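See below for the structure under consideration.
Keep in mind that this is a model prediction, so the values were computed, not measured. Positions are given from 1, in the same order as the sequence printed here.
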Amino acid sequence: MGDIKLRQDKFETDSGIEIKSTYPQQTTEEKPGEFPYTRGVQSTMYRSQLWTMRQYAGFSTAEESNKRYHYLLNNGTTGLSVAFDLPTQIGYDSDNKFSDGEVGKAGVAIDSLKDMEILFDGIKLENITTSMTINSTASILLAMYIALAKKQGADLNKISGTIQNDILKEYAARGTYIYPPNPSMRIITDIFEYCSKEVPKWNTISISGYHIREAGATAVQELAFTLSNGKSYLKAAIEKGLDINVFAKRLSFFFNAHNNLFEEVAKFRAARRMWANITKELGATDPKAMMLRFHTQTGGSTLTAQQPQNNIIRVTTQALSAVLGGTQSLHTNGFDEAIALPTEEAARIAIRTQQIIAFESGTADTVDPLAGSYFVEALTDEVEQKAWEYIGIIDSMGGSVRAIEEGYIQEEIARSAYTYQNDIEKGKKIIVGVNKFTAEEKPIQDIFTVDDSIRKVQIDKITQVKAERNNDKIKSILSKLDADARGNTNLMPTILEACENYATLGEIADTLRNVFGEYKAQ
């Protein structure tokens, strides 16, 4: 036990911010629910309404994912988060040769409106909020969701949820892009414009720091690069003639929660303050247009295959940081996700983690519980200062698009990822059960797997859909979409018409590929 007492002389957060042994008295004059929203976007926070408890789920076919959704809803989930497989994410139908080996693996396969109908069978879209983690094909999946809502007879003024729709972070950190940056930004602003009129409660973008963090960024870099991307989306929408006081209300954010509890809390608090000032600087005057609302997911890259039960404690710590930081929505990872898709048992423990924090810990009983903490207030200021330094560099380069094109953001993330991994390998950073406190383990027996045979199931469905639909009408609609893409017409109405008539995701994406081309990373 003696080695546990040997601590280093200098302590730092994962972003390299030095942690002092004590902090001078800090005061905060700011009030919750008031500009710049450091202490929360609502004056009462969880005393009035708890955060939305989501579980990210999607695998195999729409039929199988639908069963999991009903299971999660029956176990207390209050919002659904849809994971799509890689072919769906990059605009390939399941029968495309590039889809071989990937159908249904990283999420659910959605090839047409038929799959969307099955995915939400028995679930009224008016009664839930749905988050869809989709970017390059976000316009198509949103159109399918709207088409389904219309078939259900839903009031489109009432349906609510979020599409991620954040293509800039795909170029910087994740890679599921299709088109080059400029046409991609055009599609995004088309979605902003369309939804503000047709589905006003829908969050049209979830500006994501999650994948930036998963790629190896520090907390400060996650904050800086995410807000910088958000700034680019604001400017693009303003240039399109949209009113920031209208469309900015439907922007939301998606952050990661890692293990350094206090740095994560400081990051969330700093994010609200920084975004309030960014939107104000760009002309926002409506308080709701200046509020940063965000979803949090616990850190997938922090999960270990070794001693996987330890991940339950990691996820609990991370979820606690999100709640203490004032999140509006939260997903907790299953303890077995470093090995495979979560089993039902792991998914149940994950949602129970949120419920225990909400109903047993007392954490949700007061607004901004850590406000006035000398440490947290000082750390919030330091995280903000370092994030502004990054944003200043990106602004000097011409903004996020230019910084991504020049590789600056990618290089900074790669450098941080290398440093972090190097610290683990040298033992400077301790990961319990991995490089310290290890133990002999038996392989986990209960692993959730997806069978490759589902590709044939999806191909059969595509074949049936094409046999039953009006193919001449599909050809005409796709021809119109081609013409719209070559001009300046908003693409969403034609994409929706294509989806309503059972055009496949791949057919729509290929039509746009033929006009915009494909992006090749330098």
Taking every non-hydrogen atom, the tightest pair across Y171 and Q410: O-NE2, 3.8 Å

Between N422 and E425, a side-chain donor and acceptor under 3.5 Å: no

T204 side chain to N165 side chain, donor-acceptor N/O pair below 3.5 angstrom: no

Flag for K429-N435: side-chain donor and acceptor within less than 3.5 Å: no

Heavy-atom closest contact (F268 atom, N256 atom, distance): CZ-O, 3.6 Å

Ionic contact status for R402 with E405, cut-off 4.0 Å: yes

Sub-4.5 Å side-chain heavy-atom contact between E263 and T218: no

Parallel, tilted or perpendicular, as decided by the 30° and 60° cut-offs, for the rings of F255 and F294: perpendicular

Note, F254 side chain near T162 side chain (heavy atom, < 4.5 Å): no

Shortest non-hydrogen separation from Q355 to N75 and the atoms involved: NE2-O, 3.2 Å

Polar side chain donor-acceptor pair, S400 to N229, under 3.5 angstrom: yes

Note, R272 side chain near M291 side chain (heavy atom, < 4.5 Å): no

Pair R348-E345, salt bridge (Lys or Arg N to Asp or Glu O under 4.0 Å): steps then yes or no: CA-CA 5 Å; R348 185 174 63 253; E345 179 192 18; 5.1 Å; no

Centroid separation Y390 to F225 less than 6.0 Å: yes

V367 versus R47, closest heavy-atom pair with distance: CG2-CD, 4.3 Å

Shortest non-hydrogen separation from I167 to S184 and the atoms involved: CG2-CB, 3.8 Å

Candidate pair S139 and D190, rule side-chain hydrogen bond (donor to acceptor under 3.5 Å, both in side chains), full reasoning: CA-CA 9 Å; S139 59; D190 279 357; over 6 Å; no

Side-chain ion pair, K249 and D286, N-O less than 4.0 Å: yes

NZ/NE/NH1/NH2 to OD/OE distance under 4.0 Å, R39 and E29: no

Over all atoms of both residues, closest heavy-atom pair of L251 and L234: CD2-CD2, 3.8 Å

Flag side-chain contact, heavy atom, 4.5 Å: S416 against Q221: yes

Between Q89 and T137: side-chain donor-acceptor atoms closer than 3.5 Å: no

Side-chain ion pair, E214 and R174, N-O less than 4.0 Å: no

Pairwise side-chain contact, L282 with K235, heavy-atom cut-off 4.5 Å (strictly under): yes

Intermediate values then yes/no, salt bridge (Lys or Arg N to Asp or Glu O under 4.0 Å), D381 and K386: CA-CA 9 Å; D381 291 344; K386 288 184 175 293; over 6 Å; no

Pair T52, Q328: side-chain N/O donor-acceptor within cut-off below 3.5 Å: no

Contact check, side chains of Y37 and P287, non-hydrogen atoms, under 4.5 Å: yes

Side chains of S301 and H258 in contact at under 4.5 Å (non-hydrogen atoms): yes

Plane angle bin for F192 and Y233 - parallel if under 30°, tilted between 30 and 60°, otherwise perpendicular: perpendicular

Between T129 and S160: side-chain donor-acceptor atoms closer than 3.5 Å: no

Distance-only donor-acceptor check, side chains N135 and T176, under 3.5 Å: no

Mutual orientation of the aromatic rings belonging to F262 and F375 [parallel < 30°, tilted 30-60°, perpendicular > 60°]: tilted

Name of the residue among T332, T353, T298, I349 meeting side-chain contact (heavy atoms from CB on, under 4.5 Å) with T316: T353

Any V82 side-chain heavy atom under 4.5 Å of F84 side chain: yes

Polar side chain donor-acceptor pair, R269 to T38, under 3.5 angstrom: no

I351 and M53: CA distance, side-chain angles, deciding distance, side chain to side chain contact (heavy atoms under 4.5 Å, CB included) verdict: CA-CA 7 Å; I351 190 63; M53 298 181 190; 3.7 Å; yes

Donor-acceptor pair between H331 and N333 side chains, under 3.5 angstrom: yes

Electrostatic pair K267-E264, nearest N-O below 4.0 angstrom: yes

Charged N-O contact under 4.0 Å between E34 and K31: no

Parallel, tilted or perpendicular, as decided by the 30° and 60° cut-offs, for the rings of Y145 and W202: tilted

